[in-house]
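Okay, structure first, notes after.
Bear in mind the structure is a predicted one, so any value in this text is a computation, not a measurement. Basis for what follows: all heavy atoms, side chains included, without hydrogens, waters or symmetry-related copies.
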Amino acid sequence: MVERTITSMRTSTNVNAACINLYDLTREELRGRFVQWGFKPVHVRHLWRYLYLEFADSFDAMPKLPAKVRARLAAEAQIGVLPTALETDSSDGFTRKYLLTLTDGEKIETVLMRFTGRVTACISSQVGCAMGCVFCATGQMGYTRHLTPGEIVAQAVHVARQLRDLSPQASRLSPGRDRETPKLRNVVLMGMGEPLHNYDAVMQAIDILRDPNGLSLAGPRITLSTVGVVPGILRLAEEKRPLHLAVSLHAATQAERAALVPVAKKWPLDELMAACRHYCETTRRRIFFEWTLIEGKNDSPEHARAVGRLLHGLPAQVNLIPLNPTAGYAGAPTRSEAAKQFQKILADEFALPSTVRQRRGIDIAAGCGQLATATETLLHEER
């Protein structure tokens with residue numbers, strides 16, 4: 001594990017709150033703002049390129065924009081780059097975690113992960129989380145506030161910029177691979193927070209990330225993970241947004257699920273499954289059901305069969321995630337043999353596909369369910 005405390009000169013937390021965060025705006029909204037200011041819309045194309053292809057962090061770095069445009073932007077807008085307070089490399093050689101500072105001083109965590117043929121950014125949607133899942137570090141820290149669209153977008157831009165800046169040093173994160181500049185092609189909204197609790201901001205951010213003239217992330221390369229916010233799932237179904245939906249299940253009975261996922265008391269399992277079936281029927285898309293495997297808790301053959309029965313008839317895939325350690329939960333991860341048996345039962349008895357999540361960044365608390373700022377902030381302040 002390698003930690004580096006970063007002093008960033010890109011932006012300051014002392015930003016005028018009245019300033020427009022350019023990352024908050026879609027290209028059409030930006031065009032409307034330029035028309036309102038009396039500028040030609042053609043300048044939007046250059047600005048958008050500077051923001052999302054060149055990753056400019058100041059208006060001085062935008063020479064193709066006329067001086068009067070840059071002056072107006074400097075007076076009324078900001079580029080919402082998030083300074084890095086701390087970055088940590090995992091010993092796995094493929095994972096890097098960033099502790100990013102928001103304009104109000106709050107902090108969030110974002111993770112860069114490399115896999116064969118792809119780079120993924122795991123980004124946050126809230127400071128903390130209100131869902132309270134007992135084995136999740138973010139849930140253990142509680143809820144502070146929603147992120148704005150621009151704060152969500154800024155995390156993806158941060159990772160994309162880091163990928164550019166790391167090349168040709170990429171060998172440190174991806175030993176033996178080519179030195180060509182890797183591109184960000186996958187985003188998972190699986191970081192801090194519940195995305196469907198912050199629905200409007202998350203969808204605005206996704207629209208910006210998918211813009212073909214910017215980061216151009218394809219819908220199928222964006223995965224949103226929810227603990228089961230039923231109104232959000234139903235809204236996603238009606239809007240037919242082109243993204244992958246992952247639902248954190250973790251138990252196949254109401255009583256067992258409510259013990260792990262307190263929000264199940266508000267949206268019971270039968271209500272959640274009805275929403276999932278409606279989503280699949282309406283969108284013609286499958287759902288990825290996430291199941292954190294906890295030894296002796298939900299990893300028996302009987303649990304596997306309960307999952308198979310629960311998901312019967314749904315176009316579904318199960319992502320099995322051996323529990324990652326957190327300070328606030330004493331459970332242990334399922335052993336590999338039990339995980340394989342769980343998979344075999346799903347496949348042989350229910351023809352249900354499943355995968356066991358590849359563990360990345362566990363030593364730096366960058367794995368699923370490990371993101372939280374309290375510990376990292378303390379480490380940073382002590383240095």
Looking at residues at least two apart in the chain, or sitting in another chain, which of them share a salt bridge (charged side-chain N to carboxylate O under 4.0 Å, His left out) with [X]?
X    : result
R31  : E28
R285 : none
D348 : K344
R277 : none

How would you list, by chain and number, every residue that makes a side-chain hydrogen bond (donor to acceptor under 3.5 Å, both in side chains) with D207, sequence neighbours excluded? R241
Checking Q341 now: which residues fulfil side-chain hydrogen bond (donor to acceptor under 3.5 Å, both in side chains) with it, not counting sequence neighbours? none
At their closest point, which heavy atom of D57 faces which heavy atom of I79, and how far apart are they? C-CD1, 3.8 Å
Tell me whether E349 is salt-bridged to R305, with the criterion being a basic N under 4.0 Å from an acidic carboxylate O. yes
NZ/NE/NH1/NH2 to OD/OE distance under 4.0 Å, R335 and E295: yes
With a 6.0 Å cut-off on the ring centroids, do F135 and H250 count as close? yes
Supply the atom-to-atom distance I123 CD1 to L112 CG, rounded to the nearest 0.5 angstrom. 12.5 Å
E194 and T226: side-chain hydrogen bond (donor to acceptor under 3.5 Å, both in side chains), yes or no, with the steps? CA-CA 6 Å; E194 163 55 60; T226 177; 2.9 Å; yes
Scan the side chains in residues 307-322 for donor-acceptor partners under 3.5 Å anywhere in the protein, sequence neighbours excluded, and list what turns up.
residue	atom	partner	partner atom	Å
Q317	OE1	R286	NH1	2.8
N319	OD1	T355	OG1	2.9

Does a donor on one side chain and an acceptor on the other come within less than 3.5 Å for [X] and [Y]?
X    : Y    : value
Q155 : E109 : no
S90  : D92  : yes
E106 : T144 : no
T326 : Q370 : no

Just to verify, what does Q358 make a side-chain contact (heavy atoms from CB on, under 4.5 Å) with, not counting sequence neighbours? F115, R360
Enumerate the residue pairs fulfilling salt bridge (charged side-chain N to carboxylate O under 4.0 Å, His left out) with a member in [range], sequence neighbours excluded, ordered by first and then second residue.
range            : answer
residues 259-271 : none
residues 220-235 : D200-R235, R235-E239
residues 33-49   : R49-E54

Using modelled atom types only, decide if a donor and an acceptor are shared between the side chain of T223 and the backbone of V188 within a distance under 3.5 Å. no
Measure the acute angle between the ring planes of F342 and W291, then classify it against the limits of 30° and 60° as parallel, tilted or perpendicular. tilted
Take the angle between the ring planes of H43 and H46 and call it parallel below 30°, perpendicular above 60°, tilted in between. tilted
Is there any side-chain hydrogen bond (donor to acceptor under 3.5 Å, both in side chains) pair reaching into residues 118-130, and which pairs are they, with sequence neighbours excluded? Q126-H146, Q126-H197
